[in-house]
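Beneath this line is the structure, given in structure tokens, with notes to follow.
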Protein chains: 2
Amino acid sequence: MNIEIDFRSGIPIYLQMVERIKERIATGRLTPGDQLPTVRSLALELRVNFNTVARAYRILDEVGIISTQQGRGTYVMNNPPPEISEKIRQKALKALTHRYLADAERLGASSEELNQILKDQVTHWQQAGHLLDPELDNE
Amino acid sequence: MNIEIDFRSGIPIYLQMVERIKERIATGRLTPGDQLPTVRSLALELRVNFNTVARAYRILDEVGIISTQQGRGTYVMNNPPPEISEKIRQKALKALTHRYLADAERLGASSEELNQILKDQVTHWQQAGHLLDPELDNE
DNA sequence: TGTCTCAATGTATAATTGTATTATTGTACT
DNA sequence: AGTACAATAATACAATTATACATTGAGACA
């Protein structure tokens, strides 16, 4: 990877790594789909603890620049989609809704049941500002 | 098989697969006696290691939903009793709604816009249906 | 008919990868 | 000195993958 870190600059290592990786992506030396070094290999290369690398990766992941996947590795994400026109956006939203309702119907949902579930989840959506993960626990 | 999994959701792949397959069975898209894809073919389709598929199958096997047989394949067992099936159905509906709202959020939909679109489409869906309560607009 | 071979299937175990939690270190400030 | 806090490291853990293995069944063939 050949990233340069200055241990005496006073700037935290993980922040330096975030910047260096951002640069790589911005300049095209890293492109969507590319796998970044594993936290351990990059840590070895930079003579740093792998948790420090993981911290940098996590920051980039939260911003959506890369995707870290346990057991698989970390990958450069697709470039943020260009501004989509309002009409296309609305069309996509309608298609999405159509598919959703079709699936719900297949699941035998009545309009009342759907109404209830939507009200419930939209409330959470608005309160949290984002959506919570569905519950996957068994029974 | 056309199963959808989200590598970024933070939910383990094998658990996502368990849920998706449960949904298929609960909704009758997979019926008793049907053969599931081999661990290798499904793994290839999902770009995943076949052991991950095997892990999902094993979980479903232990619960008695499917039957995996070395050298033969894996098959859907008899339908689970209705009360279990109903639980799975509800959970599937909630997960479906969650994914829908997450996608809609990504498209920049406000709750008001969503409400309008849903009202529109539900009208077409069931002529009788008034899906959303008006008070959802409030606050 | 028997059995041999082999491809396709699931299984078991270890290695690789990221994650979470806790401990250590360094630095600024009283 | 002492305290508080951030950065880093140590350790244990969970998910996924890599590799080798065991089981099954279909076909070849004597």
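Given the structure is predicted, the values throughout are model-derived calculations rather than measurements. The chains referred to below are lettered A, B, ... by the order of the sequence lines, with proteins before strands, and numbering in each begins at 1.
By the 4.0 Å N-to-carboxylate-O rule, R89(A) lies close enough to E113(B) to be salt-bridged with it. We find that D120(B) and K94(A) are not joined by a salt bridge, their nearest charged nitrogen and carboxylate oxygen being 4.0 Å or further apart.
One interatomic measurement links the two molecules: CD1 of I13(A) to C1' of dG26(C), which rounds to 12 Å at whole-angstrom precision. Protein atom CG of L42(B) is 15 Å distant from nucleotide atom C1' of dT16(D), rounded to whole Å. Atom pair D61(A):CG and dA20(C):P shows a separation of 11 Å (rounding to whole Å applied). Spacing between atom CG of D6(B) and atom P of dT16(D) amounts to 12 Å, rounded to whole angstrom units. When rounded to the nearest whole Å, the span between CG of N49(A) and P of dT8(D) equals 10 Å. Atom CZ of R58(A) is separated from atom P of dA20(C) by 8 Å (rounded to the nearest Å). Regarding Q70(A), its CD atom lies at a distance of 8 Å from the C1' atom of dC13(D), rounded to whole Å. Whole-Å rounding puts the I11(B) CD1 to dT16(D) C1' distance at 16 Å.
The side chain of Y57(A) places no N or O atom within less than 4.0 Å of a non-bridging phosphate oxygen (OP1 or OP2) of dG18(C). Contact between the side-chain N/O atoms of T68(A) and the OP1/OP2 oxygens of dT19(C) is found at a separation under 4.0 Å. Within the structure, every side-chain polar atom (N or O) of Y14(B) is placed at least 4.0 Å from both OP1 and OP2 of dT16(D). Between R72(B) and dG25(D) there is a side-chain N or O to OP1 or OP2 distance below 4.0 Å. Using a 4.0 Å cut-off, no side-chain N or O of N51(B) falls inside it from OP1 or OP2 of dT16(D).
Note on F50(B): a base of the nucleic acid sits closer than 4.0 angstrom, heavy atoms only. Within 4.0 Å of R55(B), counting heavy atoms only, lies at least one base atom of the nucleic acid. Using a 4.0 Å heavy-atom distance criterion, T52(B) is classed as a base contact. Residue-level contact check: R40(B) touches the bases, meaning some heavy atom is under 4.0 Å from a base atom.
Shown here for V76(A) and T31(A), the closest heavy-atom pair between the two residues is CB-O, 3.5 Å. Counting all heavy atoms, side chain and backbone alike, Q35(A) lies closest to G73(A) at NE2-CA, 3.8 Å.
Comparing dT17(D), dT19(C), dA15(D) by their nearest atom to the side chain of A54(A) picks out dT19(C).
Under the 4.5 Å side-chain contact rule for hydrophobic residues, I66(A) and Y75(A) do not share a cluster.
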